[in-house]
Amino acid sequence: MTVDEIAAQFALHGSMGKVEVHAGGHINDSYRLPNNSGDHPDYLLQRVNHYVFKDVPLLMQNMVLVTDHVKAKIRNDYPDEVDRRSLTIIPAKDGLSYFKDPEGNFWRVLRFIEDHLVFESTTDTAIAYEGARTFGAFTSMLNDLDAGKVGTVIPDFHNMQWRLTQLRESIRKDAAGRLKEVKKEVEYVESRAKMMLTIHELGERGEIPLRVTHNDTKISNVLFDQHKKGLCVIDLDTIQPGYVTSDFGDGIRTLTNTGEEDDADLDRVSMDLDLFEAFASGFLDSTRDILSETEKDALVYAALLFPYMQSVRFLMDYLDGDVYYKIKDETHNLVRTRAQLKLTQDGEAKMEDLKRIIGKLA
Ligand code: GN1
Ligand code: MG
């Protein structure tokens, strides 16, 4: 089927212009459907990657539940801007939230949010603050949505215990014969394993609650308005039950790094304390009233856990022979592992500062 034929399966209003490829995102494919009728919106058509997301109907069920919940809150605070501050899922003509084509691909349509800005990364603390505040507001709006009603899209996604078990399995198999190159990295990972299970254990003991979490809180998953104020959280694919530390920790991991996620020059990789403070401040300004003291105390561990968990995931993929992440060349996963370990080590060296900043803000 052509993209136009697929678009025609959805309950769209107006008359659609020529389909345009919409850049951004490493996992799904997106197309913008411009509307020639001025009184109807443009749409965003997306093919959801069903290799990464094994149960797309469940994913879409979560997305409907969460967007309905969030919309009801936004309608209260911003009655005129509901469609700009939350995602709108446009159903298929048969009423389902997705369309499955004859080849087995899953498609969905969202209302396109006009005049937005996206930041792939930033060194501007005001943008960092706004992004974090917007993610935190999302967490807050979902505070009263029972996590038991939301399905698990990727089992054990942020389960550190399971990630370590998987890594040890990959070490044992040494499928790609690369273990000899990563002895130092494995040693470091093992030396920190106990500390990195702190959050997992708090969760197991029920001391931090399961919430509905986003699980991919990079700054490019917030849309901003023209005044650089946060508008709307996007990319709801990984929403599932989790701990608040996931959304804080992955935000810190992606935002505060002064280098790249896969920087080969480790001297460039460090945790920027001003960006850390800006992110923590924005996140806590919108979650302070809903988080427990134990959750707040756990945030500082999340700042180390997420670079560490990401290095474990890259290291495992390197040992497995590059089966999960797309790579540029055959050292890519090793370079990524080292960069994320450097970020972990730098965070660890700054632990007292991180604690002081969170203590002051919490
Ligand atoms: C993947 O493709 P992207 O950037 O949204 C991964 C994340 C990792 C990230 C590392 C479903 O996310 O968990 O943190 O790469 N998503 C999945 O860059 O595995
Ligand atoms: Mg994503």
Side-chain angles (χ1 to χ4, degrees), residues 22-30 44 46-56 58-60 62-63 66 87 106 108 110 118-121 131 134-135 138 151-160 162-164 166-167 170 196 199 213-223 232-243 245-257 259-264 269 279 302-318 320 322-328 332-344 347:
H22 184 74
H26 305 300
I27 291 190
N28 300 326
D29 301 317
S30 301
L44 189 72
Q46 294 185 306
R47 185 173 65 164
V48 185
N49 183 326
H50 63 277
Y51 291 98
V52 171
F53 300 106
K54 308 284 182 211
D55 190 345
V56 179
L58 179 72
L59 179 159
M60 289 308 298
N62 284 350
M63 198 164 160
V66 165
L87 293 178
F106 289 88
R108 70 174 167 225
L110 304 173
V118 174
F119 302 99
E120 285 305 321
S121 65
T134 309
F135 278 126
F138 190 74
T152 295
V153 174
I154 305 182
D156 295 313
F157 192 42
H158 286 166
N159 178 342
M160 193 61 241
W162 183 77
R163 294 283 180 197
L164 284 167
Q166 294 273 297
L167 175 68
S170 297
M196 297 296 177
I199 289 171
T213 48
H214 181 279
N215 300 311
D216 193 10
T217 47
K218 52 189 176 197
I219 193 87
S220 59
N221 278 339
V222 172
L223 302 186
C232 178
V233 170
I234 61 166
D235 188 1
L236 309 186
D237 294 336
T238 47
I239 283 194
Q240 60 179 31
Y243 306 124
T245 43
S246 284
D247 288 348
F248 183 79
D250 220 27
I252 294 295
R253 178 183 79 81
T254 50
L255 183 87
T256 65
N257 188 353
E260 302 298 325
E261 181 177 70
D262 59 352
D263 219 309
V269 176
F279 189 92
L304 305 192
L305 174 60
F306 278 80
Y308 176 84
M309 190 186 303
Q310 197 61 60
S311 56
V312 168
R313 294 174 64 187
F314 287 145
L315 180 56
M316 172 176 157
D317 202 32
Y318 187 65
D320 291 349
D322 312 316
V323 294
Y324 190 86
Y325 294 102
K326 288 182 192 158
I327 50 162
K328 291 201 292 227
H332 201 178
N333 273 317
L334 179 58
V335 170
R336 284 164 162 159
T337 303
R338 289 182 173 150
Q340 292 297 301
L341 283 178
K342 170 71 200 296
L343 188 60
T344 312

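It should be emphasised that the depicted structure is a prediction, and the values quoted were computed from it without experimental measurement. The figures that follow rest on heavy atoms only: side chains count, while hydrogens, waters and symmetry mates do not. Atoms within a ligand are numbered from 1 in the order they appear, just like the ligands themselves.
Note that the CZ atom of Arg253 and the CD atom of Gln310 stand 4.0 Å from one another [nearest 0.5 Å]. Note that OG1 of Thr337 and CZ of Phe314 are 7.0 Å apart. Values are rounded to the nearest 0.5 Å.
Side-chain contact, Thr238 with Asp216: no donor N or O sits under 3.5 Å from an acceptor N or O. Using modelled atom types, one finds a donor on one side chain and an acceptor on the other under 3.5 Å when comparing Arg313 with Tyr325.
Between the Ser30 side chain and the Arg47 main chain, no donor and acceptor come within less than 3.5 Å of each other. Panel note: side chain Asn62, backbone Ile239; a donor-acceptor pair is recorded below 3.5 Å. Checked by atom type and distance alone, the side chain of Asn28 never pairs as donor or acceptor with a backbone atom of Gln46 at under 3.5 Å. Proximity of a side-chain donor or acceptor of Asp320 to a complementary backbone N or O of Val323 within less than 3.5 Å is not detected. Side chain of Asn159 to backbone of Asp156: no donor-acceptor contact under 3.5 angstrom is found. Counting only distance, with no hydrogens or angles, the side chain of His214 and the backbone of Val233 share no donor-acceptor pair below 3.5 Å.
Neighbouring protein atoms of the Mg ion (ligand 2) (N, O or S, distance under 2.8 Å, waters ignored): Asp216 OD2, Asp235 OD2.
If you check which protein heavy atom lies closest to atom 16 (N) of ligand 1, you get Phe157 CZ, 4.1 Å. Summary of contacts: the protein heavy atom closest to atom 14 (O) of ligand 1 is Gln310 OE1, 2.6 Å. At the shortest separation from atom 6 (C) of ligand 1 among protein heavy atoms lies Arg313 NH2, 3.9 Å. Atom 10 (C) of ligand 1 has Glu261 OE2, 3.4 Å as its closest protein atom, hydrogens excluded (heavy atom only). Closest to atom 15 (O) of ligand 1, if we only count protein heavy atoms, is Tyr325 CE2, 3.7 Å. At the shortest separation from atom 3 (P) of ligand 1 among protein heavy atoms lies Lys218 NZ, 3.4 Å. Scanning the protein heavy atoms around atom 17 (C) of ligand 1, the nearest turns out to be Tyr324 OH, 3.4 Å.
When each of Leu255, Thr254, Thr256 is checked for a side chain to side chain contact (heavy atoms under 4.5 Å, CB included) with Ile252, only Thr256 meets the rule. Put simply, the residue from Gln340, Arg338, His332 that forms a side-chain hydrogen bond (donor to acceptor under 3.5 Å, both in side chains) with Asp262 is His332.
Short contacts between ligand 1 and Ile27, defined as distances under 4.0 Å to a heavy atom of the residue, involve ligand atoms 2 (O).
Distance check on atom 12 (O) of ligand 1: every protein heavy atom falls at or beyond the 4.0 Å cut-off.
An N or O contact shorter than 3.5 Å links Asp216 to ligand 1 by distance.
Only side-chain heavy atoms of Arg253 come within less than 4.0 Å of ligand 1; its backbone N, CA, C and O stay farther off. Contact annotation for Asp235 and ligand 1: no heavy atom of the residue comes within less than 4.0 Å of the ligand.
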